[in-house]
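To keep things clear, I will list the structure first and then write my remarks on it.
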Amino acid sequence: MSPEADYVCRVFVSKAEFADLLGRRIEAVDYPNFKASVVDRRLHDLYAEFWRLHLRYQWAGAAAD
């Protein structure tokens, strides 16, 4: 890993390939509740922190409006 990099690896893909991948992944969704579908506890905690940060961001934006 480079000290100048923000992630361990980086992927280069065309817009068309990425759009195709996203479309296939969306079509494969088969759960009614994303949060409940995450069984890995560490991953769930990571997502939960992300959700909390974004909720605070939304509240701050609403307060600024």
Side-chain angles (χ1 to χ4, degrees):
M1 183 163 76
S2 166
E4 295 84 31
D6 49 355
Y7 294 99
V8 175
C9 61
R10 192 172 301 255
V11 174
F12 295 92
V13 62
S14 72
K15 281 185 180 181
E17 290 172 306
F18 190 61
D20 181 59
L21 170 66
L22 287 179
R24 285 185 283 124
R25 295 297 300 259
I26 290 167
E27 290 294 327
V29 170
D30 65 351
Y31 46 79
N33 181 313
F34 176 73
K35 289 180 185 180
S37 76
V38 181
V39 294
D40 180 301
R41 185 34 130 195
R42 289 181 59 218
L43 185 57
H44 184 277
D45 291 347
L46 176 68
Y47 289 155
E49 182 62 20
F50 180 84
W51 295 319
R52 281 189 293 274
L53 289 170
H54 283 79
L55 181 59
R56 286 200 317 247
Y57 179 81
Q58 290 175 49
W59 286 345
D65 290 341

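For the numbers below, each heavy atom of this structure counts, side chains included, while hydrogens, waters and symmetry mates do not.
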Please identify each residue that fulfils side chain to side chain contact (heavy atoms under 4.5 Å, CB included) with Arg42, with sequence neighbours left out. Asp40
Tabulate below the donor-acceptor pairs under 3.5 Å that side-chain atoms of residues 50-60 make, not counting sequence neighbours, or state none.
| from | atom 1 | to | atom 2 | distance (Å) |
| --- | --- | --- | --- | --- |
| Arg52 | NE | Glu49 | OE1 | 3.3 |
| Arg52 | NH2 | Glu49 | OE1 | 3.0 |
| His54 | ND1 | Phe50 | O | 2.8 |

With sequence neighbours excluded, give me every salt bridge (charged side-chain N to carboxylate O under 4.0 Å, His left out) pair touching residues 8-18. Asp6-Arg10
Identify every side-chain donor-acceptor pair in residues 22-38 under 3.5 Å, counting partners at least two apart or on other chains, and give the distances.
| from | atom 1 | to | atom 2 | distance (Å) |
| --- | --- | --- | --- | --- |
| Arg24 | NE | Asp20 | OD2 | 3.0 |
| Arg24 | NH2 | Asp20 | OD2 | 3.2 |
| Asn33 | OD1 | Lys35 | N | 3.0 |
| Asn33 | OD1 | Ala36 | N | 2.9 |
| Ser37 | OG | Phe34 | O | 2.6 |

